[in-house]
2 protein chains.
Amino acid sequence: MRISELSERSGVTIPTLKYYLREGLLHPGELQGATRATYDDSHLERLRLVRTLVDVGRLSIERVREVVRAIDAPPAGRHELLGAAHEALRPHPASGAPAPEALERLAALDLPECAHSPASLQLAEALTAAAAAGWSVEPETLARWLEAMRAVAETDVVAELGEVSPGEALRYAIVGNVLTDPVLLALRRVAQEAVSAERFGTGPTRSPG
Amino acid sequence: MRISELSERSGVTIPTLKYYLREGLLHPGELQGATRATYDDSHLERLRLVRTLVDVGRLSIERVREVVRAIDAPPAGRHELLGAAHEALRPHPASGAPAPEALERLAALDLPECAHSPASLQLAEALTAAAAAGWSVEPETLARWLEAMRAVAETDVVAELGEVSPGEALRYAIVGNVLTDPVLLALRRVAQEAVSAERFGTGPTRSPG
DNA sequence: TGACATTGGATAGTATGACTCTCCAAACTT
DNA sequence: AAGTTTGGAGAGTCATACTATCCAATGTCA
């Protein structure tokens, strides 16, 4: 298909398509002369990925470029794949390096390959940011939350078991996390409301005194 | 204290402080003449809130303004408080209104006051966005995740039980969610790695074939 | 075959958000 | 009295993510 059809079918304007091509978010179409190129389903799929990362994941264009490059040249091992996905999804740098005491706390969770993975680093950074803002997460709380997230992760990793290519598995892991992170956080809020309703009653208005 | 001291102690530059004052993120200091005003600990605390929301929560300035207004004029009821907190923390509008089928799915979770809370709406929107991007979350998965998040929420709401003012409780709920959402997501990734390691072995590199 | 639309590619411009800078006169400090 | 600091207002800056314009070379269709 030509660029105009790609634009129509993807819902992305031609100027934006050209921008994505320039920025390396979209691989070039097959050139058929100086002023003609054709695009195919791989471009449509890529655009869906890009729009998901941008709209839902709020990733910057630069981060999206990292993601598509990783998907186009994925690591070979299953485990490295997950690391690459988590690396791609790391939150924007808020406060910087994790505090030493945050790293120590990871040891208490007895995880495999503790402080070496992107996820562990992410956790240490999140704990550091919370501590800096005066919020402490108790060790028991952290352990309990980890158990809860383990139950969630059981569901997650099952999805990556299929015999697909590394690039496909990586894309799957990234898109899956980007799309379901908001679901998970919304479920947390819903659960908070449920617990609150149980404790304080479901009546529409109650004064706190 | 004067603005220069407020700047030093908070780590926020004077121009930015003036900007926050203009934008209503920071309440005015006590005027003591045309060119003098004093600030106190309430300003320091407010700045810590604003910086947390901006740096960790990535909230826009406009959203932060909503938050501080809500904290300054909070709803009276305990339950409305949580709703106000969730309203403040709603994700940026990605795809818009939730699909009808997403709303139907909430009914299957047998929650109190299902489709009326900000959190339920957030969940419906997240499910809609996922579906639009071609990702379906199975009902059993959703139910399982809800159970997991309920365990998390038990810890959360306990923190709001204290006999504090509504404004303080609201601030607590908002800051708590903003600071621990990243912790929770990082724990999810860590758990994914743990599960992956269990299934595929902990060896540093394994080819997928 | 020739007018006219489309394309790839390059360059420049725009909109938004979040600051940051500059001024000014009126205090305050010394 | 000289010099610094302040509150307040307005304009300027910077980054990000597009969006618009131009151009010559095709392609298409009457």
Side-chain angles (χ1 to χ4, degrees), chain A residues 1-40 43 46-68 91-95 178, chain B residues 1-40 43 46-68 91-95 178:
Chain A
M1 73 188 88
R2 292 159 297 169
I3 199 171
S4 57
E5 190 180 349
L6 182 64
S7 169
E8 280 167 31
R9 294 223 276 162
S10 65
V12 177
T13 65
I14 292 179
T16 301
L17 288 177
K18 289 184 171 187
Y19 170 63
Y20 287 170
L21 285 165
R22 276 200 305 279
E23 294 296 321
L25 273 51
L26 188 61
H27 48 292
E30 191 178 348
L31 277 175
Q32 299 183 319
T35 65
R36 198 124 302 204
T38 56
Y39 304 89
D40 55 31
H43 295 90
R46 174 59 52 91
L47 281 172
R48 214 160 67 135
L49 168 68
V50 169
R51 295 316 309 177
T52 296
L53 296 178
V54 167
D55 291 340
V56 181
R58 297 184 70 181
L59 271 64
S60 67
I61 294 300
E62 185 180 344
R63 191 66 70 81
V64 174
R65 182 165 41 226
E66 287 176 27
V67 170
V68 301
H92 77 131
S95 48
V178 162
Chain B
M1 74 187 89
R2 293 158 296 169
I3 198 172
S4 56
E5 190 179 348
L6 182 63
S7 170
E8 280 167 31
R9 293 225 275 162
S10 65
V12 178
T13 65
I14 293 179
T16 301
L17 288 178
K18 290 183 171 186
Y19 169 63
Y20 287 171
L21 285 164
R22 276 202 305 278
E23 294 296 320
L25 272 51
L26 187 62
H27 48 292
E30 192 178 348
L31 276 175
Q32 300 184 317
T35 65
R36 200 125 302 204
T38 56
Y39 304 88
D40 55 30
H43 295 89
R46 173 58 53 90
L47 282 171
R48 214 159 67 134
L49 169 68
V50 170
R51 294 316 308 178
T52 295
L53 296 178
V54 167
D55 290 340
V56 182
R58 297 184 69 181
L59 270 64
S60 68
I61 294 301
E62 185 179 345
R63 192 66 70 81
V64 174
R65 183 165 42 227
E66 287 176 26
V67 170
V68 302
H92 78 131
S95 47
V178 162

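Any value given below was found using the heavy atoms of this structure, including those in side chains, with hydrogens, waters and symmetry copies removed. Because the structure is a prediction, the values reported are computed rather than measured.
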Indicate whether OP1 or OP2 belonging to dC18(D) is found under 4.0 Å from a side-chain N or O atom of Thr16(A).
-> no
So what does Gln32(B) hit on the nucleic acid, given a heavy-atom distance under 4.0 Å: a base, only sugar-phosphate, or nothing?
-> sugar-phosphate
Test Val54(A) against every option in Leu59(A), Val64(A), Leu49(A) by the side chain to side chain contact (heavy atoms under 4.5 Å, CB included) rule and name the one that passes.
-> Val64(A)
Assess whether atom CD of Gln32(B) is packed by more than 12 heavy atoms of other residues, nucleotides or ligands within 6.0 Å.
-> yes
Rounded to whole angstroms, how far apart are CG on Leu25(A) and P on dA17(D)?
-> 10 Å
Closest to the 5' end of DNA chain C, once Ala34(B) and Pro28(A) are matched to their nearest nucleotides, is Pro28(A)
Among dT6(D), dT19(D), dT20(C), the one nearest any side-chain atom of Tyr19(A) is dT19(D)
Tell me whether the OP1 or OP2 atom of dC18(D) has a side-chain N or O from Tyr20(A) closer than 4.0 Å.
-> yes
How close or far is atom P of dA15(D) from atom CG of Leu59(A), stated in whole angstroms?
-> 20 Å
Quick one: does Thr38(A)'s side chain have a donor or acceptor within less than 3.5 Å of a partner on Arg2(A)'s backbone?
-> no
Can you check the Ile14(B) CD1 to dT4(D) C1' distance for me, whole Å?
-> 12 Å
Among residues two or more places apart or on two chains, list those pairs meeting salt bridge (charged side-chain N to carboxylate O under 4.0 Å, His left out) that have a residue in residues 46-55 of chain A.
-> Arg46(A)-Asp72(A), Arg51(A)-Asp55(A)
Hey, what bend do you get for the helix from dT1(C)-dA30(D) to dT30(C)-dA1(D) if you fit axes on five pairs at each end, rounded to 10°?
-> 10°
Looking at dT7(C), dC28(C), dG9(C), which one has an atom nearest to any side-chain atom of Arg36(B)?
-> dC28(C)
Within less than 4.0 Å of OP1 or OP2 of dC19(C), is there a side-chain N or O belonging to Thr13(B)?
-> no
Is any side-chain N or O of Thr35(A) closer than 4.0 Å to OP1 or OP2 of dT6(C)?
-> no
Let me know the distance between CD of Glu23(B) and C1' of dG8(D), rounded to the nearest Å.
-> 14 Å
Give a yes or no on whether Glu62(A) atom CD has more than 12 heavy-atom contacts from other residues, nucleotides or ligands under 6.0 Å away.
-> no
Are any of the side-chain heavy atoms of Leu47(B) and Tyr39(B) separated by less than 4.5 Å?
-> no
Side-chain N,O (Tyr39(B)) to OP1/OP2 (dG7(D)) below 4.0 Å | yes
Atom pair distance, as rounded to whole Å: CG in Leu21(B) and P in dA18(C) | 17 Å
Reported CE-to-CG distance for the pair Met1(B) and Leu6(B), which is rounded to 0.5 angstrom | 6.0 Å
Looking only at side-chain atoms of Arg22(A), point me to the closest of dA11(D), dT6(C), dT11(C).
-> dT11(C)
Walking DNA chain D from its 5' end, the first of Pro15(A) and Leu31(B) to be reached, judged by nearest nucleotide, is Leu31(B)
Measure from the side chain of Ile61(B), starting at C-beta and using heavy atoms only, and say which of dC19(C), dA26(C), dT7(C) lies closest.
-> dC19(C)
